[in-house]
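Okay, structure first, notes after.
Just so you know, these numbers use all the heavy atoms, side chains as well, and skip hydrogens, waters and symmetry mates.
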Amino acid sequence: MDWKTGPRPDTPQAPPPAGPTRGRPDASEEGRLRAVFTGGDPAGGAPRSRPAPHTPAKPKVDRRLRDLLMVGAETRKAAPAPISPRPAPEDPRLTDVLARGASAQKEALAPGPTPPAPEATRTGKRNIAAPRAETRPETLRSVLKSCRPELYGVALFSAVMNILMLTGPLFMLQVYDRVLSSGSAATLLVLFSIVVFLYGVMGVLDNLRGRVLGRIGAAFQARLDRRVFDTVLKEARTPAARLAPATGLRDLANVQAFLSSPMLGAIFDLPWTPLFVVLLFIFHPMLGQLALFGGATLIALAILNQVLTRNAQAEADKLLGQAEAAGDRMRREIETLRGLGMVAPMAERWTATRAEALGARMASTDIGGRLTSATKALRLLLQSAMLAMGAWLALRGELSPGMMIAGTILLGRALAPVEQSIGQWGAVQRAHGAWTRLGELLAKAEDDAPPMPLPRPEGRFEVNGLTVVPPGQTAPTLQGIGFDLEPGEAMAVIGPSASGKSTLARALAGVWPAAKGEPRLGGAEIGQYDSDVYGRLIGYLPQDISLLPGSVHENIARFEPDAPPEKVVAAAEAAGAHEMILALAEGYNTKLHDAGGGLSGGQRQRIALARALYDNPAVLILDEPNANLDDKGLRALNEAISTAKAAGQSVVIIAHRQTALAQCEKVLMLAQGRMQAFGPREEVVAQFMRAKAEAPRAREKMAGR
């Protein structure tokens with residue numbers, strides 16, 4: 001029976017049941033699942049006849065079992081057996097087992113695959129794989145919008161806290177106007193008890209607000225970490241982008257630090273400043289006017305701070321990023337720098353860049369420091385002025401002594417958020433700049449929907465009119481390349497230096513995109529595969545061997561979580577590296593440093609070859625695989641290529657040595673980025689040798705002219 005179209009004509013079928021039977025398994029399948037539920041005999045019990053079309057419906061327990069069996073059967077890729085006319089009997093123990101809940105159901109259905117795709121994804125043909133659900137890429141605003149409930153909570157906490165800030169002025173007002181005049185100690189004790197309680201509540205709310213802000217910042221970073229990281233990696237495809245400082249993750253950290261800082265709490269406190277100013281107007285209009293003048297002056301200082309420090313802060317951040325990138329490059333290339341005596345000159349260049357960045361940062365800090373000091377002095381002066389004005393109004397009988405003290409406290413509270421904002425203006429500027437750069441970075445990211453998963457292809461490569469433009473350049477280095485490679489065939493790519501051989505390897509491996517004529521693997525363009533999935537289908541050995549920090553086992557397994565050891569050993573044996581790895585200090589657990597430090601070039605080459613052979617990829621793309629190998633390594637390489645061909649894998653070898661042609665049935669010859677010849681090995685090699693022999697005579701002929 002086909003799972004989609006129903007019974008085949010040549011398959012004997014049972015009489016149709018009374019109810020819907022789509023996807024219902026046979027008696028053996030039903031008995032197997034019943035045995036999982038009950039622990040009984042799958043075939044136990046006497047057979048039970050199928051009910052007649054007009055018989056009453058089955059009991060509730062049997063319907064639930066039927067639904068579970070339908071789900072298990074519909075999700076099987078292999079066609080189920082025909083429905084038996086005599087299903088196994090219903091076991092009364094099923095009632096108790098089904099009552100245990102979802103855990104028993106999950107246990108029973110664990111061996112089965114995931115449920116079938118929605119009805120909309122089904123066609124008359126067998127559904128290979130359902131597409132993954134499309135998700136809209138997250139942006140800065142969408143992530144911040146998702147934190148709106150938490151921000152509402154912070155706003156609520158800030159509102160209550162600012163209302164509780166009136167505790168101090170009101171307490172002072174009552175002490176001066178009531179307690180001192182009445183001389184009642186009991187009244188003072190009651191008022192002070194209330195103040196203790198209210199300040200305790202305010203402290204708890206302040207702590208909660210800080211914790212919520214911290215979690216908002218953490219959630220913001222967690223939601224965007226992977227997206228920013230993937231975008232940074234995409235930009236790193238071009239050499240120029242790899243040399244430039246990658247500020248995306250640092251910008252994300254700066255925004256996260258701002259969202260978690262008390263500075264954001266001060267921003268939530270700013271809207272409550274008018275409330276305190278209104279209270280001062282209620283006390284006396286002159287007090288309110290003085291508060292307005294002071295607040296306007298502080299705001300003017302904040303704007304001036306922004307104008308004067310913005311450019312210097314941006315320049316300092318840019319230079320610091322360049323200095324960090326230069327330092328990272330020096331660390332990676334320290335052996336070359338030491339071997340050529342270039343450490344001192346490069347260190348001087350780094351020091352100069354660092355000093356320039358430090359000078360820009362100091363200039364910004366000096367300006368900001370002057371304005372911050374002026375702001376602090378002005379706030380203290382305004383408080384003293386408020387006290388003096390309140391005393392003058394009290395002497396005239398227009399204000400009580402309690403209002404005089406309370407007004408001074410209210411003014412300090414009204415101006416505190418403004419002063420704090422000016423003092424932390426550098427953090428605000430860094431966060432604003434980081435937000436802008438992050439928005440630009442994510443806007444440039446490709447947000448294509450993930451491709452539909454495809455079945456594992458056969459190792460058939462087809463290329464027609466391939467043109468490749470290296471990332472960051474405008475001129476193509478490969479044009480008009482075409483060939484076909486069947487499973488079990490090997491092709492050598494030969495040609496002089498700078499003919500485009502490594503460019504072709506990168507294009508076939510999906511490292512560099514094709515400008516025209518995208519290669520096809522198994523009949524599908526490589527762009528139809530997810531990049532990581534395609535990378536698993538390809539065994540790519542680059543010209544520049546790079547082993548990542550980790551163990552030899554992890555490098556061979558491509559850092560696959562819980563990689564089976566037998567697959568790792570099989571790949572190492574196929575590459576002829578098993579004995580060499582066992583001879584290392586800790587065998588497969590030997591830790592490698594950056595770029596595989598501590599290993600010779602030949603050892604790195606053979607481990608990288610084992611990594612390319614891991615998990616039997618459909619295609620091997622080997623760029624100069626014999627560059628650092630000795631005779632033993634060359635024999636192991638030839639054996640690995642022969643084994644791959646016998647397993648139906650196709651092999652592409654970028655080669656300079658003629659020894660690499662022994663395992664190749666086809667040869668592709670390149671020159672100046674164009675295809676000169678392609679075909680069977682003997683024909684192309686003969687053509688190449690003739691061209692090489694005729695080259696001196698052509699040069700002599702040109703010289704004679």
Side-chain angles (χ1 to χ4, degrees), residues 132 221-222 224-237 241-242 246 248-249 328 331-332 450-451 453-454 456-457 505-506 508-512 521 526 529-623 625 628 640 644 649:
R132 290 181 291 182
Q221 178 173 330
L224 287 173
D225 251 343
R226 183 60 185 271
R227 179 166 166 77
V228 173
F229 184 69
D230 290 344
T231 306
V232 170
L233 291 183
K234 287 180 180 179
E235 282 197 332
R237 293 176 180 177
R242 288 195 294 270
L249 295 175
D328 291 339
R331 290 180 64 253
R332 290 193 301 266
L454 298 175
R456 179 182 175 88
R506 292 187 179 98
L508 297 181
V511 178
W512 285 0
L521 174 61
I526 63 176
Y529 296 93
D530 182 82
S531 59
D532 281 348
V533 173
Y534 182 75
R536 295 287 179 178
L537 298 173
I538 297 295
Y540 179 48
L541 178 66
Q543 186 176 19
D544 298 326
I545 302 300
S546 176
L547 300 179
L548 301 177
S551 66
V552 173
H553 169 271
E554 290 173 327
N555 274 273
I556 294 178
R558 307 185 186 185
F559 288 85
E560 177 183 315
D562 301 325
E566 56 271 16
K567 286 187 178 182
V568 177
V569 174
E573 290 178 343
H578 178 64
E579 296 181 359
M580 181 267 294
I581 295 173
L582 293 180
L584 297 176
E586 300 181 40
Y588 283 88
N589 292 326
T590 301
K591 296 297 182 180
L592 303 180
H593 305 294
D594 195 11
L599 299 179
S600 66
Q603 289 175 319
R604 293 198 301 269
Q605 188 96 12
R606 292 166 75 174
I607 292 177
L609 178 60
R611 179 178 62 186
L613 296 172
Y614 176 74
D615 203 17
N616 298 320
V619 179
L620 292 178
I621 302 174
L622 311 177
D623 193 353
N628 299 307
Q649 303 170 1

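Judged by distance alone, the side chain of Asn555 and the main-chain N or O of Ala608 form no donor-acceptor pair under 3.5 Å. A distance-only check finds a donor-acceptor pair linking the side chain of Arg558 to the backbone of Arg611 [under 3.5 Å]. No side-chain donor-acceptor contact under 3.5 Å links Arg606 to the backbone of Gly601. Between the Gln649 side chain and the Pro617 main chain, a donor and an acceptor come within less than 3.5 Å of each other.
Here Asp230 pairs with Arg226 under the side chain to side chain donor-acceptor pair (under 3.5 Å) rule; sequence neighbours left out. Applying the side chain to side chain donor-acceptor pair (under 3.5 Å) criterion to Tyr529, with sequence neighbours excluded, gives no partner residue. Ala640 meets the side-chain contact (heavy atoms from CB on, under 4.5 Å) test with Leu613; sequence neighbours excluded. Residues that satisfy the side-chain contact (heavy atoms from CB on, under 4.5 Å) test with Glu579, not counting sequence neighbours, are Lys632. Shown here are the side-chain contact (heavy atoms from CB on, under 4.5 Å) partners of Asp615, two or more places apart in sequence or in another chain: Lys567. Legend: residues meeting side-chain contact (heavy atoms from CB on, under 4.5 Å) with Gln603, ordered by chain and number and at least two apart, are Met580, Leu584, Leu599, Ser600. Take Arg456 and apply the salt bridge (Lys or Arg N to Asp or Glu O under 4.0 Å) test, not counting sequence neighbours, and it matches no residue. Judged as a side chain to side chain donor-acceptor pair (under 3.5 Å), and not counting sequence neighbours, Arg331 has no contacts. Every residue was checked against the side chain to side chain donor-acceptor pair (under 3.5 Å) condition with His553, not counting sequence neighbours, and none meets it. For Tyr588, the ring pair (Phe, Tyr, Trp, His ring centres under 6.0 Å) criterion is met by His578, not counting sequence neighbours. Shown here are the salt bridge (Lys or Arg N to Asp or Glu O under 4.0 Å) partners of Glu586, two or more places apart in sequence or in another chain: there are none.
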Between Asp225 and Leu249, is the side chain to side chain contact (heavy atoms under 4.5 Å, CB included) condition met? List the steps. CA-CA 7 Å; Asp225 251 343; Leu249 295 175; 4.3 Å; yes
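Among all heavy-atom pairs drawn from Ile621 and Ala509, the shortest one is CD1-N, 3.7 Å. Annotation for Tyr540 and Val511: closest pair CE2-CG2, 4.0 Å, computed over non-hydrogen atoms. Between Gly539 and Leu622 the shortest heavy-atom distance is O-CD2, 4.1 Å. Between Ala612 and Leu620, the closest heavy-atom pair is O-CD2, 3.7 Å. Closest approach of Ala557 and Ala563 over heavy atoms only: CB-CB, 3.5 Å.
If you take CD on Glu573 and CD1 on Ile581, they are separated by 10.0 Å, rounding to the nearest 0.5 Å. Of the inter-residue distances, the one linking Leu508 atom CG with Ile538 atom CD1 reads 8.0 Å to the nearest 0.5 angstrom. With rounding to the nearest 0.5 Å, the separation of CG in Leu537 from CG in Leu454 is 9.5 Å. Interatomic distance, CG of Asp562 versus CD of Glu560, reported as 8.5 Å (0.5 Å rounding).
The ring-ring contact (aromatic ring centres under 6.0 Å, His included) pairs that include a residue from residues 554-574 number zero, where partners must be two or more places apart or lie in different chains.
Side-chain contact between Ile556 and Ile607: present, with at least one pair of heavy atoms (C-beta onward) separated by less than 4.5 Å. The closest side-chain heavy-atom distance from Gln605 to Leu541 is below 4.5 Å.
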